[in-house]
Amino acid sequence: MSTPDPRQIAVRLLHWAGRAQRSFPWRTRRDPYVVWIAETMLQQTQIQTVIPYLERWLRRFPDVEALAQASLDDVLKMWEGLGYYARARHLHRAAREILQRYRGKIPDDKEALLSLPGIGPYTAGAILSLAFGKDEAVLDGNVRRVLTRVFGIEEDPRRAAVERRLWQLAQSVILPGHAREINEALMDLGREICTPRSPRCHRCPLADICVAHATGREDALPVKGTTRRVPHYTVTAGVVWNEEGKILLARRPLEGLLGGLWEFPGGKVEPGESLEACLRRELKEELDIDVVVERPVAVVDHAYSHFKITLHAFHCRHVGGTPRPLGVADFRWVDVSEIRSYPLSRADIKILEVMESEQNEGR
DNA sequence: CATGCGTGGCA
DNA sequence: TTGCCAAGCAT
């Protein structure tokens, strides 16, 4: 089978794009700000997850200025539960930079976009083509899957040389003046038809020119790398009460896992260590306080991006030492009713929900 | 260039 | 239940 003709692909995609489409917020409004926020939320995240977050976000931060003027805590709170929290921190920083350097206007220049935190090649291409109508390609997971199949690319797409070739192919199917429709069609095709498993080739407008379809390689492409098994850790967390009936919340360091979120402090159990000893040690190391570990609150299983934990939470009584932020970014004594107003990770929300249900049962 | 970085849905 | 996967970016 000959190599598919990019122009023919473009024409097919444009025709296919003429069908009834779902109306997403970032399609109804071509506002660069909306596209920027939506595309950032959509990084590694599915549409149905993003939509409610996006709607809330746009009500709370309707433009660059509102976002720039918000506190990081407000921004993280709106992002709570969406994951990959560096995205929210980057949006916040970028908004301040856009306000300062570009008078609040999202730049329509590729180099300027790429220099902003959180904007890489995909998001820059998406903003330029979808919001500004420029003839720029996008290459995301959907487009990568479509192109590796249509062109029958058997090499690992994560290799830099293959990645460059895929960008060239993505650019080659852009018909001048039609980048927006082509890019959206490619991504729609990848999401709805050219799916990772069991692609619906009988409904695909490219099926008759697709190398993978012709050779029965649809399910094998794109080739996957070797998956490493994820480690599992046992972790403790303390709901530390003081004499006034307040609870100690700690803020995680601003970089790294769950950066900037608030949590019930604790940490990883070391080999041979009891849960209670772990908790006393961690609270001493991170906050320089002494506690008595009392009854358990909850046991929560949780999976992060690259490891899993079983989290044992205990009520604790603060018996000594004024907290100091040794291994945390900040700390605060708060009323139970105030905890919900802080951005927390999913695992800590599960703990909080158990506490709230106990409270409602009058325990 | 390889790795770190969340969460929820699905088979 | 477990593993796979999803509109990537930073370092």
Side-chain angles (χ1 to χ4, degrees), chain A residues 22 24-27 34-54 76 79-91 93-94 113-127 129-131 137-147 156-164 166-167 170 180 183-192 194-199 219 222 224-232 252-261 263 300-309 343-350:
Chain A
R22 290 175 61 188
F24 300 121
W26 53 93
R27 292 187 180 171
V34 175
V35 172
W36 172 42
I37 303 299
E39 294 300 337
T40 303
M41 287 186 171
L42 285 162
Q43 291 168 13
Q44 305 287 280
T45 311
Q46 303 192 38
I47 285 182
Q48 65 271 22
T49 305
V50 162
I51 286 180
Y53 277 91
L54 180 63
L76 287 172
W79 201 271
E80 182 187 79
L82 201 48
Y84 287 137
Y85 297 91
R87 295 182 293 173
R89 302 194 301 270
H90 290 148
L91 281 177
R93 275 174 46 206
L113 286 172
L114 287 173
S115 77
L116 292 167
I119 296 185
Y122 166 75
T123 307
I127 293 172
S129 63
L130 305 185
V138 295
L139 182 64
D140 67 348
N142 288 317
V143 179
R144 182 176 294 110
R145 193 167 54 252
V146 170
L147 294 177
D156 186 340
R158 279 155 303 202
R159 287 178 46 207
V162 182
E163 174 92 354
R164 278 195 299 277
L166 287 167
W167 272 104
R180 173 187 294 163
N183 287 341
E184 287 181 347
L186 276 171
M187 292 190 279
D188 286 352
L189 191 66
R191 187 183 69 253
E192 299 169 9
C194 196
T195 49
R197 281 169 301 197
S198 310
D219 280 308
K224 314 172 208 12
T226 57
T227 57
R228 283 179 314 165
R229 42 178 306 182
V230 298
H232 182 280
R252 296 179 60 88
L254 292 181
E255 301 302 321
L257 184 75
L258 308 175
L261 296 191
E263 66 177 6
V300 166
D301 281 305
H302 195 74
Y304 291 102
S305 48
H306 54 299
F307 64 94
K308 296 178 179 181
I309 64 167
L344 306 173
S345 79
R346 270 288 188 260
D348 279 40
I349 289 174
K350 291 180 195 170

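Lettering follows sequence order; numbering is per chain, from 1. Atom set for the values below is all heavy atoms of this structure, side chains included, hydrogens, waters and symmetry mates excluded.
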Rounded to the nearest angstrom, tell me the gap between atom CZ in A:R158 and atom P in C:dA10. 20 Å
Pairwise P distance for B:dG8 and C:dC9, with rounding to whole Å: 23 Å
Just how far, in rounded Å, is P of C:dA10 from CZ of A:R87? 12 Å
Which part of the nucleic acid, if any, lies within contact of A:I47, taking any heavy atom under 4.0 Å across all strands shown: a base, the sugar-phosphate backbone alone, or nothing? base
Residues in ring pair (Phe, Tyr, Trp, His ring centres under 6.0 Å) contact with A:Y304, at least two apart in sequence or another chain: A:H302, A:F307
I'd like to check the salt bridge (charged side-chain N to carboxylate O under 4.0 Å, His left out) partners of A:R159; sequence neighbours left out, ordered by chain and number. none
Partners passing ring pair (Phe, Tyr, Trp, His ring centres under 6.0 Å) against A:H90 (at least two apart in sequence or in another chain): none
With sugar-phosphate meaning primed atoms plus P, OP1 and OP2, does A:L116 contact a base, only sugar-phosphate, or nothing at under 4.0 Å between heavy atoms? sugar-phosphate
Hey, does A:L82 reach any base, or is it just sugar-phosphate, or nothing, if we go heavy atoms under 4.0 Å? base
Protein-nucleic acid N or O pairs under 3.5 Å, nucleotides 8-11 of chain B:
{"from": "B:dG8", "atom 1": "OP1", "to": "A:R346", "atom 2": "NE", "distance (Å)": "2.1"}
{"from": "B:dG8", "atom 1": "OP1", "to": "A:R346", "atom 2": "NH2", "distance (Å)": "2.7"}

Please identify each residue that fulfils side-chain contact (heavy atoms from CB on, under 4.5 Å) with A:A126, with sequence neighbours left out. A:E39, A:Y122, A:L130, A:V138
Base, sugar-phosphate alone, or nothing: which one does A:W79 contact when heavy atoms must sit under 4.0 Å apart? nothing
In whole angstrom, give the distance that lies between atom OH of A:Y304 and atom P of B:dC5. 11 Å
Pairing donors with acceptors under 3.5 angstrom, does anything connect the side chains of A:E263 and A:S345? no
Sequence neighbours excluded, which residues qualify as ring pair (Phe, Tyr, Trp, His ring centres under 6.0 Å) partners of A:F24? A:W26
